[in-house]
Amino acid sequence: MAKRETKAELKARVDHVLAALDQEYGTEYVCYLNHETPWQLLIAVIMSAQCTDARVNIVTADLFKKYDSIEKFANADLKELENDIHSIGFYHMKAKNIISCCRDLVTRFGGEVPGTMEELTSLAGVGRKTANVIRGNIYNEPSIVVDTHVKRISRKLGFAKAEDPEKIEMELMKVLPKEHWILWNIQIITLGRSICFARSPKCKECFLREYCPSADQ
DNA sequence: AACTCGGGGCA
DNA sequence: TGCCCAGAGTT
């Protein structure tokens with residue numbers, strides 16, 4: 001952008017971007033992580049930190065057969081669980097956090113996954129990103145999931161300029177219509193995996209090209 | 001704010 | 001080989 005755009009201009013551009021995302025990816029909401037229950041989603045998201053959903057899904061297929069309840073995880077042997085999730089990386093910390101998290105779910109929350117940011121982030125291995133996935137998916141709360149894709153693409157589109165994920169969240173809350181938040185998250189992640197790569201993005205093929213100040217060419 | 005944890009994918 | 005990747009915890 002040559003000159004600073006006004007709030008009205010930004011809002012108009014946001015609307016165009018949302019419409020383009022809807023047209024390209026559709027409005028059907030799909031969660032990438034395999035889960036049948038809230039606690040399974042929680043554990044899957046904890047494991048998804050810094051690795052792809054596809055790899056998490058490979059692990060969870062067997063994992064949720066072996067550990068078919070929160071209590072099984074809460075009483076799991078650390079070394080054994082580490083081995084069970086060995087292929088996803090950061091397995092030591094994640095295994096330790098999963099056990100600690102599930103013990104808390106049993107002792108503090110009656111075996112249920114809580115729904116507030118404070119409660120969720122008090123659990124081991126759960127930060128704002130994971131908490132917002134749960135709030136959005138399980139509790140249908142308006143929640144912006146700021147991962148590296150959302151962070152990068154929000155910066156490129158000029159929707160948020162902060163570096164701190166929590167501040168990005170706040171900036172996006174001001175810009176985006178909240179009924180779109182969950183869908184927007186999924187669409188942005190899809191865009192990030194298919195076109196808007198961190199390195200060598202395919203701007204020429206991007207359907208948001210005309211709305212993106214950072215597009216090449 | 002910087003550092004650590006980690007294996008898999010890909011050039 | 002080297003570099004990147006859907007984060008969170010600790011100092």
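Every chain is numbered from 1 and lettered A, B, ... according to where its sequence line falls, protein lines coming before strand lines. Only heavy atoms go into these numbers, but all of them, side chains included; no hydrogens, no water, no symmetry mates.
For the pair Arg128(A) CZ and dG9(C) P, the computed distance is 13 Å after rounding to whole Å. Taking atom CG of Asn132(A) as the reference point, atom C1' of dA8(C) lies 14 Å away to the nearest angstrom. As rounded to whole Å, 13 Å separates atom P of dG7(C) from atom CD1 of Ile168(A). Rounded to whole Å, atom P of dA6(C) lies 19 Å from atom CD1 of Ile144(A).
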Pick out the pairs of N or O atoms, protein on one side and nucleotides 2-4 of chain C on the other, that lie under 3.5 Å.
unit_1: dC4(C); atom_1: OP1; unit_2: Arg199(A); atom_2: NH2; d: 2.4

Tabulate below the donor-acceptor pairs under 3.5 Å that side-chain atoms of residues 165-173 of chain A make, not counting sequence neighbours, or state none.
unit_1: Glu169(A); atom_1: OE1; unit_2: Arg128(A); atom_2: NE; d: 2.9
unit_1: Glu169(A); atom_1: OE1; unit_2: Asn132(A); atom_2: ND2; d: 3.2
unit_1: Glu169(A); atom_1: OE2; unit_2: Arg128(A); atom_2: NH2; d: 2.8
unit_1: Glu169(A); atom_1: OE2; unit_2: Asn132(A); atom_2: ND2; d: 3.3
unit_1: Glu171(A); atom_1: OE1; unit_2: Lys161(A); atom_2: N; d: 3.2
unit_1: Glu171(A); atom_1: OE2; unit_2: Lys161(A); atom_2: N; d: 3.4
unit_1: Glu171(A); atom_1: OE2; unit_2: Ala162(A); atom_2: N; d: 2.9

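Taking His86(A) as the reference, Tyr91(A) meet the ring pair (Phe, Tyr, Trp, His ring centres under 6.0 Å) condition, with sequence neighbours excluded. Under the salt bridge (charged side-chain N to carboxylate O under 4.0 Å, His left out) criterion, Lys66(A) pairs with Glu80(A), Asp84(A), not counting sequence neighbours.
Hydrophobic clustering, defined by side-chain heavy atoms of Ile, Leu, Val, Met, Phe, Trp and Tyr closer than 4.5 Å, leaves Met117(A) isolated from every other such residue. Other cluster members for Phe197(A): none, since no ILVMFWY side-chain heavy atom sits under 4.5 Å from it. Ile189(A) forms part of a hydrophobic cluster together with Tyr29(A), Tyr32(A), Ile182(A), Ile186(A), judged by ILVMFWY side-chain heavy-atom separations under 4.5 Å.
Listed here is the closest heavy atom pair of Cys212(A) and Lys156(A): SG-O, 3.8 Å.
The shortest distance between side-chain heavy atoms of Ile70(A) and Glu112(A) does not fall below 4.5 Å. Leu18(A) is not listed as a side-chain neighbour of Tyr211(A), based on a closest heavy-atom distance of 4.5 Å or more. By the 4.5 Å heavy-atom criterion applied to side chains, Ile43(A) and Phe64(A) are counted as neighbours.
Between dG8(B) and dG9(C), the distance separating the two P atoms is 24 Å to the nearest Å. With C1' as the reference atom, dA2(B) and dA6(C) are 22 Å apart, rounded to whole Å. Here, dT10(C) and dG7(B) have their C1' atoms 22 Å apart, quoted to the whole Å. For the P atoms, the distance from dG6(B) to dT11(C) is 15 Å, rounded to whole Å.
Using a 4.0 Å heavy-atom distance criterion, Thr148(A) is classed as a sugar-phosphate-only contact.
Contacts with DNA chain C (heavy atom under 4.0 Å) in residues 114-127 of chain A: Leu123(A), Ala124(A), Gly125(A), Val126(A), Gly127(A), listed by number. Residues from residues 80-98 of chain A placing a heavy atom under 4.0 Å of any atom in DNA chain B, listed by number, are His86(A), Ser87(A), Ile88(A), Gly89(A), Phe90(A), Tyr91(A), His92(A), Met93(A). Against DNA chain B, the stretch residues 31-50 of chain A makes heavy-atom approaches under 4.0 Å through Gln50(A).
Looking at His16(A), its side chain does come within 3.5 Å of a backbone N or O of Ala12(A) through a donor-acceptor pair. Side-chain atoms of Ser100(A) do not come within 3.5 Å of backbone N or O of Lys96(A) as any donor-acceptor pair.
The only member of Asn57(A), Ile98(A), Leu42(A) that meets side chain to side chain contact (heavy atoms under 4.5 Å, CB included) when paired with Met47(A) is Ile98(A).
Sorted by first and then second residue, the side chain to side chain donor-acceptor pair (under 3.5 Å) pairs with a member in residues 46-56 of chain A read Ser48(A)-Lys129(A); sequence neighbours excluded.
For DNA chain B, the contact window with chain A, defined by any atom under 4.0 Å from a protein heavy atom, covers dC5(B) to dG8(B) in 5' to 3' order.
A salt bridge links Lys151(A) to Glu163(A): at least one charged side-chain nitrogen sits closer than 4.0 Å to a carboxylate oxygen.
Checked against the 6.0 Å centroid criterion, the rings of Phe109(A) and Trp39(A) do not qualify as a close aromatic pair.
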